[in-house]
Amino acid sequence: PRAVPAAARGRLSAMSCSADSSPNSGKSRRLVRTRSEYIRMEQAEPDALARRPLLMTEFQVSVFLVRVLFRKVEVHERSSATVPAITFRRVLRRVVDMFDPRADIDLHIRGRGGSADLTWQDVRRALDVDGMPKFAMTVPQIIFMAMEDFSSSIVAILWYCLMNVAIIASVVTTIFRSLPDHDEVLLGALNRWCNRIFMFEYLIKFSTVMWCPTAMYDEAWLLQRAVPDGHTEHMVSVQLHSTKMRRLMQWATRPGNIIDMISVLPNILGVVCSRLHLPLTSLRTLRLLRVFRLLRAFKAISTWVTTLQTLGEAFFSSLGAVFVLVLYMLLFALVAGAVLYELEHRNGMAGFSNVPEAMMMVIERFVGKKVGEAPSIVSGLILASVGVFKVIIFLLPIDKLKKATKASAARFEQMRELREQVDKETAARRLARGSAWVRDFGCPTARLELFDDTAGGNVVAFGTMHVPIMERQPVEATLMVPLHGAWAERWWCRARPELEVSLQWTPEDGPMKEHGCPTGNLALRVLRGVGFPGGAPASRWLVRVTVPAALYGDNARSTFTTPATPSAEPEWGDEGKGSISVAWKPDPVPEETAQQKFQKQVLCAFEEKFRDDNFEGRVLAMLRSQATRIAELEGLVAARATSAARKP
């Protein structure tokens, strides 16, 4: 069987959906379904199928975040598969308390067989039934999340795009204003509008973050408070809530928000101090820091670009080692600079006129700048010691930075694996029970070819769908098969052309159990076409279906063709029926050659000759007999040699 192409997709629903008859078209049955009732057959990310709201008005903890919490509890309990039910329920209670202590969490999480320990599958089943509670958001929270989290709603995406355009426009304006020939009026007006957008965003977020729980936008804060790292007593003493001022300080001290504040600070001071006529020329140079706002663009692709995040986390976790390095450099430069000043300033040597100047020379030596000849032996020894000391002192932060990078990379890899696990579970739960074949990449496939009878009978589009002929139970399903090809190309706002096909698979128990190959009857019916492009009313459409009826031979593929139907949305109904007998047979066993038969006979004869329960005993007896005979012969030879030597 052929593999399904990556672009192939479909939707599945039960055949028991409602059906009605069209009295005028002559078609006996037409299945009526809404698009939401179909399940996609393609291997797509679950998040890509979810529809974002216009505005985020309710907050709910995601399944992935619960999976990360479960993993943290596993690490805390030093377990690899199970956690105590009491501990995990307490963790979920702590998470809910971060948003609303009055909310009730009703998760019927029970271990299999009444066990006191939980596995992740137990938790996932409870989440599918009950789900995490939803928290209604206030107006300040809605506004803040729309500006802070671009993935929360459609308005958030639009605002995110506007901010990126403003950032790029501001940077381009700064570049063009440095050129000799530029339009100062246009560039100045564009720069002012960009500055106003930046100030508006920062001030709105600054004034609304105090009413927004930190756990709502900072997952790292939530995870650390829910399951703190360290000893068990930390889980009791850690705070789950913070005051409004603490929320403001926690938000304002994040690295990205510090960059935002520095970039808008000249504009705010310019407005506040405009009537005081203070010299703000030097502060206006801080506007160049808005270039760092381009790093916000990486938020949209943070799922894939983990290298940047790994380096950032490793650097911030190594700030202590970097600070110690700078401190040691300053202390050594201070001592060495003072000694060099005392030794050389009386001689009028350049670079040693005062202690700061001598310190600067030592620091330059630290960073790798070459210096000239030392004026004296002692000064040369001091400068040489600087070169030796910098080799040793740089080992500490470099080693710690390597360890932090490895730890951060391991953490991101673990998060990626957990996200893939949750996505696969979510995708599997979107399918009805017994329909796992829809997503099975190794499932046999049928090919659908769409012909336009008025265009010379050429193939204008094709599609691929799974057929459940490997299933041992009867299957009834309806698939929406997308069409591909040049004719089926679509614009961004138009749906892809599709064919609605119903199938019924009836396996034969005897042959299926005997050799495990598909055997049975597959009934297909091409019902109708949906979303055909313009110009289609003048065409006559027919569909040819090709099914793998056998595994080998000339009859490996069986086809049937529907009659031609002239319509923009053709319907075939009962006329599009086709029944195919599927009979896969295992590989035939080749006949034995004359040489193989002779070898087999020799092997059987050899086995019969030596087939004996006491074979090992007879071999040992034979070896003992041979050893005794050899000893007798050796004695006889020795006796003859002795007698020959005695003769004169």
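Predicted model only: the values in this text are computed from it and were never measured. Numbering of residues begins at 1 and proceeds along the displayed sequence.
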Is R447 positioned over the aromatic face of F462, cation under 6.0 angstrom from the ring centre and no more than 45 degrees off axis?
-> yes
Show the numbers, then the answer: is there a side-chain contact (heavy atoms from CB on, under 4.5 Å) between Q141 and F135?
-> CA-CA 11 Å; Q141 294 172 357; F135 307 99; over 6 Å; no
Would you call E74 and W120 a side-chain contact if the rule is heavy atoms closer than 4.5 Å?
-> no
Decide yes or no on side-chain contact (heavy atoms from CB on, under 4.5 Å) for V155 and L54, but give the supporting numbers first.
-> CA-CA 6 Å; V155 174; L54 182 63; 4.0 Å; yes
Hey, what do you get for [atom1] ([X]) to [atom2] ([Y]), rounding to the nearest 0.5 Å?
X	Y	atom1	atom2	answer
M147	I204	CE	CD1	5.5 Å
I197	L162	CD1	CG	5.0 Å
T119	F70	OG1	CZ	6.0 Å
I143	M56	CD1	CE	14.5 Å
S581	E508	OG	CD	7.0 Å

So, R124 and D128, do they make that salt bridge, N to O below 4.0 Å?
-> yes
Heavy-atom pair of closest approach, residues [X] and [Y]:
X	Y	value
A549	S558	CB-CB, 3.7 Å
T173	L187	CG2-O, 3.3 Å
P518	M470	CG-SD, 3.2 Å

Evaluate side-chain contact (heavy atoms from CB on, under 4.5 Å) for L524 paired with M465, printing each intermediate quantity in order.
-> CA-CA 12 Å; L524 296 173; M465 73 173 187; 3.8 Å; yes
Quick one: do L65 and L223 satisfy side-chain contact (heavy atoms from CB on, under 4.5 Å)? Show the steps, please.
-> CA-CA 8 Å; L65 195 58; L223 294 173; 3.7 Å; yes
Sidechain-backbone polar pair: [X] side chain, [Y] backbone, donor-acceptor under 3.5 Å:
X	Y	result
N164	C161	no
S170	A166	no
W437	P468	no
T445	T464	no
W584	P548	yes
W572	P563	yes

Name all residues meeting the side chain to side chain donor-acceptor pair (under 3.5 Å) criterion together with E420; count only those two or more places apart in sequence or in a different chain, and write none if there are none.
-> R416
List in chain and number order the residues that pass side chain to side chain donor-acceptor pair (under 3.5 Å) with Q60, two or more places apart in sequence or in another chain; answer none if no residue qualifies.
-> none
Should the heavy atoms of other residues, nucleotides or ligands under 6.0 Å from CZ of F560 be counted, would the total exceed 12?
-> yes
With sequence neighbours excluded, what pairs up with R67 under the salt bridge (Lys or Arg N to Asp or Glu O under 4.0 Å) test?
-> none
Name the one of E575, E571, E569, E500 that satisfies salt bridge (charged side-chain N to carboxylate O under 4.0 Å, His left out) with R528?
-> E500
Will you find, in the side chains of Q421 and E417, an N or O donor that is under 3.5 Å from an N or O acceptor?
-> no
